[in-house]
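Okay, structure first, notes after.
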Amino acid sequence: MDILKSPFMSDMTRISREIYAKGWGEANGGNISLRITPGEMHAYLHCLTSGPTVELSKAVPELAGDYFLVTGTGVFFRNVAEYPHESLGIVKVNEDGASYTVVWGYASGGRPTSELPTHLPAHATRKRVTNGESRVVLHTHATNLIALSFVLPLDTKIVSRELWEMMSECVVLFPEGLGVMKWMMPGSEEIGQETAKMLEKHALVLWAHHGIFGAGKSMDQAFGLIETADKAAEMLLKVMAAGGKKQAIAAEELKALASTFGLTPMAGVLD
Ligand code: 2HA
Ligand code: ZN
């Protein structure tokens with residue numbers, strides 16, 4: 001079995017192309033990690049080797065033994081599909097959760113994304129809060145969400161309400177709201193820990209003036225969340241440019257909408 005033809009590899013290359021087409025993946029902007037289940041990995045174990053082992057600055061015991069397909073540092077999204085063996089790698093978190101070993105990929109001497117200190121704690125949190133369902137963490141420079149972070153207060157409840165009001169899908173897809181963080185140093189331990197804390201409650205986290213993190217059980221779910229939030233942000237920017245809202249979906253209507261789908265919107269947003 002050719003690992004380059006595996007479902008997890010084609011998921012990764014397909015979404016990388018989409019991200020580039022959206023204009024969210026300029027140069028080396030953005031990064032993705034996908035947890036590969038033992039069942040999926042089984043058929044490809046013969047493709048793995050034992051590469052370098054790297055200590056983690058913060059251990060992730062929740063992920064001990066897990067495999068992740070991760071974009072490389074400096075990798076351009078536009079090139080991932082054409083050069084998967086160079087652009088991507090698989091890392092295995094070791095049994096104590098304190099280090100990882102590269103077991104496939106980064107063929108030209110690359111290494112995992114500089115945002116790994118955010119991706120691994122993010123997976124640890126989402127795996128826990130979703131009872132093991134969440135498998136994808138996607139960071140991208142979604143244009144409209146970033147633009148919005150310059151004009152709205154950096155407040156989770158305000159930004160969530162504004163996006164929910166823009167289109168009916170939003171409260172249904174992210175009833176827990178979108179977590180908002182102020183600008184912090186990319187790649188740092190601090191932004192990783194703060195993001196993981198936000199992901200306890202939200203599947204979407206906005207990094208002001210930088211980009212968005214989306215988590216989901218599949219690549220399509222994580223991408224779909226970001227795509228929906230970014231479209232709502234785009235409409236909001238247009239509405240603002242057109243002179244501002246004259247009317248919108250009312251709080252009571254949003255509550256009723258969520259309730260139709262059996263969902264509970266984040267507390268305090270619709271009051
Ligand atoms: O990989 O997106 O946040 C480049 C980045 C850093
Ligand atoms: Zn980024």
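In listed order, ligands and their atoms are each counted from 1. The structure displayed is predicted, hence computed values, not measured ones. Just the heavy atoms: all of them, side chains too, but no hydrogens, waters or symmetry mates, feed the values below.
Listed by atom number, the atoms of ligand 1 under 4.0 Å from H139 heavy atoms are 2 (O), 3 (O). Less than 4.0 angstrom separates some heavy atom of N28 from each of these atoms of ligand 1: 1 (O), 4 (C). Atoms of ligand 1 lying under 4.0 Å from at least one heavy atom of N31, given by number and element, are 1 (O), 2 (O), 4 (C), 5 (C). Taking every non-hydrogen atom of G29 and a distance limit under 4.0 Å, the qualifying atoms of ligand 1 come out as 2 (O). Listed by atom number, the atoms of ligand 1 under 4.0 Å from E115 heavy atoms are 3 (O), 6 (C). Every atom of ligand 1 is numbered from 1 in the order shown, and the set under 4.0 Å from a heavy atom of H141 is 2 (O), 5 (C).
For ligand 1, the polar-atom distance check finds an N/O of G30 within less than 3.5 Å of one of the ligand's N/O atoms.
Vertex the Zn ion (ligand 2), arms ending at NE2 of H141 and NE2 of H139: the angle is 110° after rounding to 10 degrees.
One N or O on the side chain of R35 and one on the backbone of S134 form a donor-acceptor pair closer than 3.5 Å.
Using a cutoff of 4.0 Å between basic side-chain nitrogens and carboxylate oxygens, D230 and K22 are not scored as salt-bridged. A salt bridge links K245 to E165: at least one charged side-chain nitrogen sits closer than 4.0 Å to a carboxylate oxygen.
No donor-acceptor contact under 3.5 angstrom links the side chains of N79 and S87, judged on distance only. Neither side chain, S149 nor W183, offers a donor N or O lying under 3.5 Å from an acceptor on the other.
F8 and Y44 have perpendicular rings, their planes meeting at more than 60° on a 0 to 90° scale where under 30° would count as parallel.
The name of the N, O or S atom in H210 nearest to the Zn ion (ligand 2) is NE2.
Between Y67 and W104, a ring centre-to-centre spacing not shorter than 6.0 Å is recorded.
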